[in-house]
Number of protein chains: 2
Amino acid sequence: MKSKRKSIAIDMDNVIADVVIADVATHFINWYERDYGLTVEKESLLGIPEMDAFPDGAVMKFLFTPGFFRSVPVMPGAQAAVKKLMEDFDVYIVSAAMEFPHALFEKYEWLKEHFPFVHWRHIIFCGDKSVIATDYLIDDHCKNLDTCHGQAIIYTAAHNVNVTHHKRVNDWDEVLSFMSAV
Amino acid sequence: MKSKRKSIAIDMDNVIADVVIADVATHFINWYERDYGLTVEKESLLGIPEMDAFPDGAVMKFLFTPGFFRSVPVMPGAQAAVKKLMEDFDVYIVSAAMEFPHALFEKYEWLKEHFPFVHWRHIIFCGDKSVIATDYLIDDHCKNLDTCHGQAIIYTAAHNVNVTHHKRVNDWDEVLSFMSAV
């Protein structure tokens with residue numbers, strides 16, 4: 001019998017994995033500083049498409065470097081919030097991981113380490129998310145949110161600050177606050 | 001803009017990958033003969049749950065052996081049929097691969113070798129398929145078909161021969177014949 005609980009699809013990168021957003025440390029900025037000796041200010045990334053945010057094709061280089069996804073910091077507050085949401089919703093972690101097939105197992109291992117309470121049945125690695133039918137989708141990319149079946153919720157990332165046509169949350173406290181009222 | 005074409009989700013194992021079904025060679029039977037020196041007759045597998053079909057826990061052992069999924073033969077007729085279906089439908093390959101995370105990359109590589117015409121955006125590795133919303137699902141397992149959003153189509157495998165509550169296809173010719181009439 002199908003569950004009557006509502007379902008949420010939650011993206012990984014920039015949502016539960018802190019690739020390039022949080023105030024203190026971002027994975028891209030840290031790797032860029034390490035490899036290029038240059039500090040990129042977070043403010044300079046605002047509104048810039050992810051792939052253009054760092055010079056020299058560094059973004060694509062990092063994304064295809066073994067270990068990049070395995071070592072991404074967890075987004076602050078994400079673990080407790082996902083656990084809390086699971087009390088009332090069927091939560092699925094849905095990542096467009098198929099673009100970086102070398103990292104499929106890394107991303108699985110990362111989830112097992114940081115989100116061990118998410119069952120493998122609730123992990124989805126895909127490309128196009130338009131056939132994922134959950135009641136809510138929390139994601140940082142319009143390409144995913146614009147075609148989702150349920151309610152779209154945009155999680156603030158540097159590249160999406162100018163998007164205005166989706167319900168916006170800025171951190172995991174705001175996710176919990178919004179979802180507790182639906 | 002969303003495509004108006006209808007979509008099909010197609011399972012991998014026992015549907016496009018010949019794990020234990022075709023008349024000539026089956027991957028399980030071959031590996032069992034190789035490792036245990038015993039030939040299992042295909043007829044003895046009919047109606048038996050997959051996990052119980054071979055003695056000594058051999059099924060689970062094989063499924064977790066590196067290389068098992070990478071070396072599965074292609075189901076006869078699957079390549080040409082999938083290519084043909086892609087002319088009229090948005091085709092997604094949807095595998096419950098998350099149960100065997102060590103094989104995620106193997107399965108991706110297998111698809112790249114045998115189905116290079118399927119874009120990564122149309123590959124989904126998941127657990128529970130109940131949130132995959134396509135118009136059709138071609139699969140050998142009731143656990144997936146019973147909760148699907150569109151029309152369920154059961155692809156005959158030894159373990160499912162006694163299932164009667166889904167539209168059945170016995171080979172890829174029958175898939176093409178059925179789908180050309182919808």
Side-chain angles (χ1 to χ4, degrees), chain A residues 1-10 64 66 69-70 89-113 115-116 118-137 141 143-150, chain B residues 1-10 64 66 69-70 89-113 115-116 118-137 141 143-150:
Chain A
M1 197 169 68
K2 277 188 77 172
S3 166
K4 286 175 183 171
R5 304 198 329 160
K6 293 210 168 181
S7 56
I8 311 176
I10 299 175
F64 281 98
F69 288 105
R70 185 66 186 85
F89 297 91
D90 289 337
V91 173
Y92 292 83
I93 306 297
V94 180
S95 172
M98 212 58 68
E99 189 171 2
F100 311 105
H102 70 281
L104 288 166
F105 188 61
E106 278 188 28
K107 282 175 156 271
Y108 172 84
E109 282 191 305
W110 187 92
L111 285 170
K112 284 297 110 182
E113 179 186 348
F115 293 81
V118 175
H119 194 278
W120 62 262
R121 292 186 188 283
H122 281 219
I123 300 172
I124 302 175
F125 291 164
C126 61
D128 174 0
K129 296 187 186 179
S130 67
V131 293
I132 309 297
T134 50
D135 297 299
Y136 300 90
L137 169 62
H141 280 290
K143 67 183 173 194
N144 301 322
L145 295 163
D146 289 348
T147 58
C148 81
H149 292 238
Chain B
M1 199 170 68
K2 279 189 75 172
S3 167
K4 286 175 183 170
R5 303 195 334 158
K6 294 211 167 180
S7 56
I8 311 174
I10 299 175
F64 281 97
F69 287 105
R70 185 65 186 86
F89 297 91
D90 289 337
V91 173
Y92 292 83
I93 306 297
V94 181
S95 173
M98 213 56 69
E99 188 171 3
F100 310 106
H102 70 281
L104 288 166
F105 188 61
E106 279 188 28
K107 282 174 157 273
Y108 172 85
E109 282 191 306
W110 187 93
L111 285 170
K112 285 297 111 182
E113 179 186 348
F115 292 82
V118 176
H119 194 279
W120 63 261
R121 293 186 187 283
H122 281 219
I123 301 173
I124 301 175
F125 291 165
C126 61
D128 174 1
K129 297 187 186 180
S130 66
V131 294
I132 309 298
T134 50
D135 296 299
Y136 300 89
L137 169 61
H141 280 290
K143 66 184 173 192
N144 300 321
L145 295 163
D146 289 349
T147 59
C148 79
H149 291 239

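Below, read A as the first sequence line, B as the second, and so on, with proteins coming before strands; counting in each chain starts at 1.
The distance from atom NE2 of A:H119 to atom CD of B:E99, rounded to the nearest 0.5 Å, is 8.5 Å. A distance of 6.0 Å separates NZ in A:K143 from CZ in B:R121, rounded to the nearest 0.5 Å.
If you run side chain to side chain contact (heavy atoms under 4.5 Å, CB included) between A:M98 and each of B:L111, B:I123, B:L104, only B:I123 comes through.
Looking only at heavy-atom pairs under 4.5 Å with chain B, the residue among A:P101, A:G127, A:S7 that has the most is A:P101.
In this structure, the portion of A:Y108 lying under 4.5 Å from any heavy atom of chain B is its side chain and not its backbone.
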